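Working notes, structure below.
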Amino acid sequence: MFISSPVPFDVGVAESVDALFASLKNKVDQIDILVDNAAVFHGFGKRVGDTDVNEFLADMTVNANGAYFIARGLLRFNKPDVPMTYITLTTGVTEPYTHNIGYLMSKLPSLKLVQLLNDEYPNVRSFVLLPGLVETDMTLDAFRPLTIDKANLVAGLSVFLAASPEADALSGRFLDARWDIEEVLAKKEEIVSKDLLKLRIDGY
């Protein structure tokens, strides 16, 4: 069923997310695919000691808590054995960026979230995607010349991951939308055997 009208809610407030899923109960029987791309961005250019606590907490509330609220809502909405796919987007977790502690710290938990979903729920396929540098309303002027990627790149990858059984081996892992997915799949035995593309501490 296609729902044409948007449903406003606050991704950083658990009660609002719960109300969103409750409002869908009489419209759809289950949710097969959910792509979470909600985020906020504050305090760029400041060192840790110069940042505003409220801005930091705003980033954590929406970006970190919100991803959890959405994933939790999806699991509670569907029946326990329903196959489903959860995809969330993240940026800044692999690059050596600085001066942006709220956003950078708040995007890291999504990597662990998709690992937990994959490990705890056999019926859930979960992925965390880096969309590339795509121009959005959040893009800072200094970064606009670097936004060479297009939204349809990560959108196409999301469709593939949600629809293709070939992607099963990549569940619970980080993927970059700019990678050649055929090359990634060609290395899936190595990825699985070495447990690559997951959050971990090298050398531990």
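It should be emphasised that the depicted structure is a prediction, and the values quoted were computed from it without experimental measurement.
- Using a 4.5 Å heavy-atom threshold, the side chains of Val7 and Ser23 count as touching.
- Side-chain heavy atoms closer than 4.5 Å link hydrophobic residues (I, L, V, M, F, W, Y) into clusters, and following such links, possibly through other members, connects Leu185 to Trp179.
- The neighbour count for Asp29 CG, taken as heavy atoms of other residues, nucleotides or ligands under 6.0 Å away, does not exceed 12.
- Note that OG of Ser110 is 13.0 Å distant from CD1 of Ile87, once rounded to the nearest 0.5 Å.
- Expressed to the nearest 0.5 Å, how far OG of Ser164 lies from CZ of Arg125 amounts to 7.5 Å.
- Members clustered with Ile101: Val48, Val53, Phe56, Leu57, Met60, Met105, by chain and number, using a 4.5 Å side-chain heavy-atom cutoff among hydrophobic residues.
- Here CG of Leu196 is found 13.0 Å from CZ of Phe174. Values are rounded to the nearest 0.5 Å.
- Arg178 and Asp176 are joined by a salt bridge, as a carboxylate oxygen and a charged side-chain nitrogen come within less than 4.0 angstrom of each other.
- For the pair Asp10 (side chain) and Ser16 (backbone), a donor-acceptor distance under 3.5 Å is absent.
- Using a 4.5 Å heavy-atom cutoff, the side chains of Val124 and Thr85 are not in contact.
- Of all heavy-atom pairs between Leu113 and Ala67, the closest is CD2-O, 3.6 Å.
- A distance of 9.0 Å separates CG of Leu104 from OH of Tyr97, quoted to the nearest 0.5 Å.
- No donor-acceptor pair under 3.5 Å is formed between the side chain of Lys107 and the backbone N or O of Ala64.
- Listed here is the closest heavy atom pair of Ala162 and Ile33: CB-CD1, 3.5 Å.
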Test side chain to side chain contact (heavy atoms under 4.5 Å, CB included) on Val184 and Ile191 and set out the steps. CA-CA 9 Å; Val184 174; Ile191 291 171; 3.9 Å; yes
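- Shown here is Arg76, whose CZ atom has no more than 12 heavy atoms of other residues, nucleotides or ligands within 6.0 Å.
- Salt bridge status for Arg173 with Asp195: present, with a side-chain N to carboxylate O gap under 4.0 Å.
- No continuous path of hydrophobic side-chain contacts links Val13 to Leu20 [ILVMFWY only; heavy atoms under 4.5 Å].
- Asn63 is listed as a side-chain neighbour of Val40, based on a closest heavy-atom distance under 4.5 Å.
- Around the NZ atom of Lys79, the shell of radius 6.0 Å holds no more than 12 heavy atoms that belong to other residues, nucleotides or ligands.
- Salt bridge annotation for Arg72-Asp18: present, with a cationic side-chain nitrogen under 4.0 angstrom from a carboxylate oxygen.
- Cluster membership for Val192 and Val128, using ILVMFWY side-chain heavy atoms within less than 4.5 angstrom, is not shared.
- Residues Val93 and Val114 share a hydrophobic cluster, clusters being chains of Ile/Leu/Val/Met/Phe/Trp/Tyr side chains in contact below 4.5 Å.
- Residue Ile70 is grouped with residue Leu75 when hydrophobic side chains (ILVMFWY) are merged at heavy-atom distances under 4.5 angstrom, including chains of intermediate members.
- Two residues are said to be in side-chain contact when any heavy atoms from C-beta on lie closer than 4.5 Å; Leu199 and Gln115 meet this criterion.
- In this structure, Leu175 and Leu197 have side chains that are in contact, with non-hydrogen atoms separated by less than 4.5 Å.
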Show your reasoning for whether side chain to side chain contact (heavy atoms under 4.5 Å, CB included) applies to Asn100 and Phe41. CA-CA 9 Å; Asn100 194 14; Phe41 184 92; 3.1 Å; yes
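- The closest donor-acceptor contact from the side chain of Ser106 to the backbone of Tyr103 lies under 3.5 Å.
- Between Ser171 and Phe127 there is a side-chain heavy-atom pair separated by less than 4.5 Å.
- Taken to the nearest 0.5 Å, the CG atom of Leu170 stands 10.5 Å off from the CG atom of Asn118.
- Within 6.0 Å of CD on Glu120 lie more than 12 heavy atoms contributed by other residues, nucleotides or ligands.
- Taking a 6.0 Å sphere around CZ of Phe9, one finds it holds more than 12 heavy atoms contributed by other residues, nucleotides or ligands.
- With rounding to the nearest 0.5 angstrom, the CG atom of Leu129 is 9.5 Å from the OG1 atom of Thr90.
- Side-chain atoms of Met84 and Leu74, non-hydrogen and from C-beta on, do get closer than 4.5 Å to each other.
- A salt bridge links Glu55 to Lys46: at least one charged side-chain nitrogen sits closer than 4.0 Å to a carboxylate oxygen.
- Without hydrogens or angle criteria, Asn123 side chain to Pro80 main chain gives a donor-acceptor distance under 3.5 Å.
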Show your working on side chain to side chain contact (heavy atoms under 4.5 Å, CB included) between Phe160 and Ile181 and close with a plain yes or no. CA-CA 9 Å; Phe160 173 81; Ile181 191 62; 3.6 Å; yes
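- At a threshold of 4.5 Å between non-hydrogen side-chain atoms, the residues Gln30 and Asn78 count as touching.
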